[in-house]
Amino acid sequence: MSGPGEVVVVGGGMVGAAITCALAQRGFQVRLLERQAPECGWPRGDFEIRVSAISRASKNLFANVGAWPEMVRRRVTPYERMVVWEAGGGELRFDAGELGEPELGHIIENGVVQCALWSVLRERPEVEVIAGAELLSLEPDERRPRLTVKLRGEARRLEADLVIGADGARSQLRELAGIGTSGWSYEQHALVCTVRAEEGNRSTAWQRFMPSGPLALLPLERRHFSIVWSTTPAEAARLAELENGAFDEALTRASEGRLGRLTLEGERGLFPLRLQHASRYIAPGLALVGDAAHVIHPLAGQGVNLGLMDAAELVEVLTRARERRRPLGHLQTLRRYERARKGENLAMQAAMDLLKRLFGNDVPPLKAARNLALELADRVDPLKRLLVRNAMGTWGELPPLVRAPS
Ligand SMILES: Cc1cc2nc3c(=O)[nH]c(=O)nc-3n(C[C@H](O)[C@H](O)[C@H](O)COP(=O)(O)OP(=O)(O)OC[C@H]3O[C@@H](n4cnc5c(N)ncnc54)[C@H](O)[C@@H]3O)c2cc1C
């Protein structure tokens, strides 16, 4: 292979935008296809209801591609402590200071992540953004995969050395490539909103396990929390329709009043939860990353972090392939990426699934075992450190893009 390497990225969400920035930084020519370019005006009045708990590894990636300062300028909230508890049961506390870390992670609005990445990629001469195009077809090919898109009423053919599918859980590209998925619905919906807490946020993330599903309270600037309340679809619908005062009461009760009274600010949103995994991450001339490849339960806030890890690994594999003059879209090249990521993503998916099931019932012996596990994890320092390093994404051998910037 000669030349800089041409890549088409389909989907400019958090993962697609991140991989576009990273590839451009390494001199690849990237065309980014996005159905709808994000609205990036700032400042915004309210907090967005979609936020992510961003791990240290993901923060490193943002810093390495030059997007972190813009995220900080907009709004990021570090959290130093985390409390996981079960009503009438065990409790597990993490404290960054005790573990010798400056913070456990950051809570960032999804739009802030996406817009900061877009502000970087829009400045890169290697990137062409094609917004508003409709994907019509894919011709997979190890050397020159081709896409046909409809843009302003006209069909246009795009060729590249590789097409990357970062087009989310309902990936059309995955479908066009004939890659199936396995998985199931959790029969749970996540109710998502922002609240103000009487007692401020104390730089602490909270998670309470209940038989109907976990309730997460993620700290946002000043006195606010982003709420992710996973429960049965019927209960979620009921909560979504409660009059504001009644909702505040229900939420304050569900959090056992640990943060004083919680008051809703703005709208509530509902997201159906499912587990989904693509049977393959690759096809000739194609690689899937992020939610296009895997969707997990949000209970440990790992979905986008895994997607960004995919991005970091794929960029590394492509950079090495280019150095060795190997075709980017060759299955032999792409298998390195799939091998590096599939096992880890499946393991995280399985761990979240197990946690969800373990805490999702009230059987007395299981409850006793859970309490014991929480208490034990709380007291055994090395175990706690391992859990934290895992959640921070700083465990094991890491691709350069997610290592701390030097
Ligand atoms: C309630 C909830 C809470 C969560 N909390 C966390 C958390 O705390 N931490 C965490 O790590 N993860 C969390 N997640 C998961 C996280 O939101 C997802 O993993 C992440 O958004 C996936 O990013 P992505 O870029 O892969 O896909 P998406 O965000 O789905 O982006 C896909 C992009 O592709 C574009 N697109 C789609 N189809 C096409 C097409 N045909 N042509 C062009 N463009 C297209 C879309 O417009 C979109 O911009 C949570 C998820 C939920 C539901």
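Small disclaimer: the values here were computed from a predicted structure and weren't measured. All residue numbers in this chain count up from 1 along the given sequence. Counting starts at 1 for both ligands and their atoms, in listed order.
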Worksheet, complete the sentence: G290 heavy atoms within 4.0 Å reach ligand 1 at atoms 26 (O)

Worksheet item: Does Q36 have a heavy atom less than 4.0 Å from any atom of ligand 1?
Response: no

Fill in: Any N or O of V228 closer than 3.5 Å to N or O of ligand 1
no

Worksheet entry | Residue from Q332, R322, R143 passing side-chain contact (heavy atoms from CB on, under 4.5 Å) with P327 | R143

Worksheet item: Of the protein's non-hydrogen atoms, which lies at the shortest distance from atom 49 (O) of ligand 1, and what is that distance?
Response: E34 OE1, 2.8 Å

Worksheet item: Are H297 and Y186 close enough that their ring centers fall under 6.0 Å?
Response: yes

Worksheet item: Which protein non-hydrogen atom lies closest to atom 8 (O) of ligand 1, naming both residue and atom, and how far is it?
Response: A53 N, 2.8 Å

Item to complete: Return a yes/no value: protein heavy atom under 4.0 Å from atom 34 (O) of ligand 1?
Response: yes

Item to complete: Might you point out which heavy atoms bring L162 and A287 nearest each other, and give the distance in Å?
Response: CD1-N, 4.3 Å

Response to the item:
Scanning both residues in full, the closest heavy-atom pair of G200 with L259 reads O-CD2, 4.1 Å

Response to the item:
In this structure, atom 30 (O) of ligand 1 is nearest to the protein heavy atom G168 CA, 3.5 Å

Practice prompt. Identify the protein heavy atom lying closest to atom 36 (N) of ligand 1, giving its residue, its atom name and the separation to 0.1 Å.
Written response: D167 CB, 3.9 Å

Worksheet item: Is the shortest distance from a heavy atom of A166 to ligand 1 less than 4.0 Å?
Response: yes

Response to the item:
Taking only non-hydrogen atoms of V10 and a 4.0 Å limit, the atoms of ligand 1 in range are 42 (N), 43 (C)

Item to complete: Kindly indicate whether a cation-pi arrangement holds for R196 with F225, taking the cut-offs as under 6.0 Å to the six-membered ring centre and within 45° of the axis.
Response: no

Worksheet item: Which residue from G307, G301, A37 reaches closest to atom 6 (C) of ligand 1 through any of its heavy atoms?
Response: G301

Item to complete: Using distance alone, decide if ligand 1 has a nitrogen or oxygen within less than 3.5 Å of any nitrogen or oxygen in V304.
Response: yes

Discussion item. Below 30° counts as parallel, above 60° as perpendicular, anything between as tilted: where do the rings of H277 and H294 land?
Written reply: parallel

Item to complete: Check whether any heavy atom of R50 sits under 4.0 Å from an atom of ligand 1.
Response: yes

Item to complete: Please write down residue, atom name and distance for the protein heavy atom closest to atom 31 (O) of ligand 1.
Response: G13 CA, 3.7 Å

Discussion item. Against the six-membered ring of Y281, is R341 placed for a cation-pi contact (under 6.0 Å from the centre, within 45° of the normal)?
Written reply: no

Worksheet entry | Heavy atom of the protein closest to atom 41 (N) of ligand 1 (residue, atom name, distance) | Q172 OE1, 3.1 Å

Fill in: Polar contact flag, side-chain donor to acceptor under 3.5 angstrom, R56-N305
no

Worksheet item: Which ligand 1 atoms are under 4.0 Å away from a heavy-atom of V192?
Response: 1 (C)

Discussion item. Can you confirm whether or not the ring centre of H189 sits under 6.0 Å from the ring centre of W229?
Written reply: no

Discussion item. Would R258 pass as a cation-pi partner of W85, given that its NZ or CZ must be under 6.0 Å from the six-membered ring centre and within 45 degrees of the axis?
Written reply: yes

Worksheet entry | Heavy atoms of other groups near R170 CZ, more than 12 under 6.0 Å | no

Practice prompt. Give a yes or no on whether atom 47 (O) of ligand 1 lies under 4.0 Å from any heavy atom of the protein.
Written response: yes

Fill in: Which segment of P298 sits under 4.0 Å of ligand 1 when only heavy atoms are counted
side chain

Practice prompt. Answer with yes or no after comparing the ring centroid distance for H224 and F47 against a 6.0 Å cut-off, counting only values under it.
Written response: yes

Worksheet item: Can you list the atoms of ligand 1 that are under 4.0 Å from a heavy atom of G303?
Response: 10 (C), 11 (O), 12 (N), 15 (C), 19 (O)

Discussion item. Checking contacts here: is it the side chain or the backbone of I54 that comes within 4.0 Å of ligand 1, counting heavy atoms only? Could be both or neither.
Written reply: neither

Fill in: Neighbour count >12 (heavy atoms, 6.0 Å) for atom CZ, R336
no

Practice prompt. Would you mind checking which non-hydrogen protein atom is closest to atom 5 (N) of ligand 1, with the distance to 0.1 Å?
Written response: V51 O, 3.8 Å

Worksheet item: If you measure from each non-hydrogen atom of L33 to ligand 1, which part falls under 4.0 Å: side chain, backbone, both or neither?
Response: backbone

Item to complete: Around atom 19 (O) of ligand 1, find the nearest protein heavy atom and jot down its residue, atom name and distance.
Response: D291 OD1, 2.7 Å

Discussion item. At less than 4.0 angstrom from any non-hydrogen atom of N305, what atoms of ligand 1 do you find?
Written reply: 11 (O)

Discussion item. Apply side chain to side chain donor-acceptor pair (under 3.5 Å) to residues T232 and S212 and explain how you reach the verdict.
Written reply: CA-CA 6 Å; T232 60; S212 52; over 6 Å; no

Response to the item:
Honestly, for L306 the part within reach of ligand 1 (heavy atoms, under 4.0 Å) is neither

Item to complete: Would you indicate whether E265, at its atom CD, is surrounded by more than 12 heavy atoms from other residues, nucleotides or ligands within a distance under 6.0 Å?
Response: yes

Worksheet item: ligand 1 and V15, any nitrogen or oxygen pair closer than 3.5 angstrom?
Response: yes

